[in-house]
Amino acid sequence: MIGVVGAGAFGTALAVALGREGYKVRLWGRDVGPLAASRMSDRLGGVRLPDSVTVTAELSAMDQTEAVLLALPMQAVAGFLRGSDMQAQTLVACCKGVDLQTLTGPATLMSQARPKATVALLTGPSFAADIARGLPTALTLACADDAAGQRLQRLLSTPVLRLYRTVDVTGAELGGALKNVIAIAAGTVIGAGLGESARAALMTRGYAEMVRLALALGARAETLAGLSGFGDLVLTCGSAQSRNFSYGHALGAGTPFNASVTVEGVATARAVARLGIERGIDLPVTAMVAALVDGRIDLSAAIQSLLTRPLKAE
Ligand SMILES: NC(=O)c1ccc[n+]([C@@H]2O[C@H](COP(=O)([O-])OP(=O)(O)OC[C@H]3O[C@@H](n4cnc5c(N)ncnc54)[C@H](O)[C@@H]3O)[C@@H](O)[C@H]2O)c1
Ligand SMILES: O=P(O)(O)OC[C@H](O)CO
């Protein structure tokens with residue numbers, strides 16, 4: 001039995017993917033009445049829940065599961081862990097971002113809140129809709145305890161959901177968090193009509209920034225070059241299906257954006273910009289995105305600030 005906390009797009013997609021393979025899955029969410037009744041997910045374009053998925057509003061349903069996958073928006077994780085007495089022995093963070101209060105990633109936050117639990121992170125290039133449709137996807141499973149990581153890799157892999165393993169939790173957390181910030185910038189560039197060449201430049205310099213911060217925080221460069229970093233950067237910066245890219249596109253084009261949509265890169269830009277200042281690490285793209293989303297600079301000033309940086313070696 002596998003538990004999934006969070007019946008939004010990603011939690012539901014994971015439940016569908018695992019349920020389709022015959023796993024018994026319990027999917028918990030706050031307002032799951034309509035989903036429980038219809039067994040169809042509107043967020044995933046009408047995908048039907050397999051019979052092996054039980055939808056529940058009772059957190060006690062997570063007891064006695066082999067692992068609980070936590071697919072909540074990043075900024076909701078700390079409050080959820082504080083406010084619930086869920087005591088799962090194995091927790092897998094499925095969110096991407098940096099917590100604004102503690103400036104830590106989701107797995108680190110969970111390890112601190114549940115010190116006795118085995119904690120892992122599932123991250124990498126994957127749109128929920130693709131996973132729910134059963135399209136092939138490869139993800140990173142990060143767990144500091146390699147034996148537990150191997151167990152989870154076997155438990156959660158399916159013929160179309162291929163998990164690669166690492167013990168570098170910090171690197172995997174930062175890749176997934178930072179690619180959303182760079183995707184907002186990439187969307188802004190395209191929305192403002194600056195062209196594909198400018199996007200490629202921004203992605204490359206953004207990647208350099210991701211690696212710089214990750215190395216300073218003790219992560220491995222090869223983790224950033226993998227699915228959780230480079231892989232997800234390519235997906236998220238290159239697709240209008242991404243909410244972070246689309247949000248940036250709206251910023252660049254000056255068009256409205258639905259404020260109820262989960263855009264992890266906004267809060268994460270603020271958190272990472274603070275982290276950069278605290279650690280004395282130069283993060284120009286992140287600082288620009290944080291200033292832009294908070295309205296501290298306008299678009300033309302943001303573009304100017306990136307184009308007028310001192311010339312230097314690559
Ligand atoms: N959607 C994707 O394609 C995708 C893919 C990979 C990773 N992720 C990650 O998964 C995480 C969740 O994203 P999503 O796409 O499922 O978002 P979503 O907006 O579709 O769903 C979020 C769900 O969390 C619930 N929620 C919000 N605050 C809560 C709280 N305090 N307590 C309980 N429930 C709460 C909402 O009701 C909603 O059901 C994000 O960190 C995202 O980066 C998403
Ligand atoms: O829609 P986004 O921008 O939240 O991206 C979804 C996933 O993180 C892509 O890997």
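Remember, it's 1-based here, ligands and their atoms both numbered in the order they're listed. Small disclaimer: the values here were computed from a predicted structure and weren't measured.
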For [atom], the protein heavy atom that lies nearest, with its residue and separation:
{"atom": "atom 4 (O) of ligand 2", "answer": "R243 NH2, 2.9 Å"}
{"atom": "atom 11 (C) of ligand 1", "answer": "L72 O, 3.6 Å"}
{"atom": "atom 24 (O) of ligand 1", "answer": "P73 CD, 3.3 Å"}

Tell me whether [X] reaches ligand 1 (any heavy atom closer than 4.0 angstrom to a ligand atom).
{"X": "A7", "answer": "yes"}
{"X": "G97", "answer": "no"}
{"X": "G79", "answer": "no"}
{"X": "G29", "answer": "no"}

Whether Y247 and F257 hold their rings parallel, tilted or perpendicular, with breakpoints at 30° and 60°: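 Ring orientation of Y247 relative to F257: perpendicular.
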Between N244 and S242: side-chain donor-acceptor atoms closer than 3.5 Å: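 Looking only at side-chain atoms, S242 and N244 do not form any donor-acceptor pair under 3.5 Å.
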Which segment of E264 sits under 4.0 Å of ligand 1 when only heavy atoms are counted: side chain
A129, portion touching ligand 1 at heavy-atom distance under 4.0 Å: neither
Heavy atom of S126, distance to ligand 2 below 4.0 Å: yes
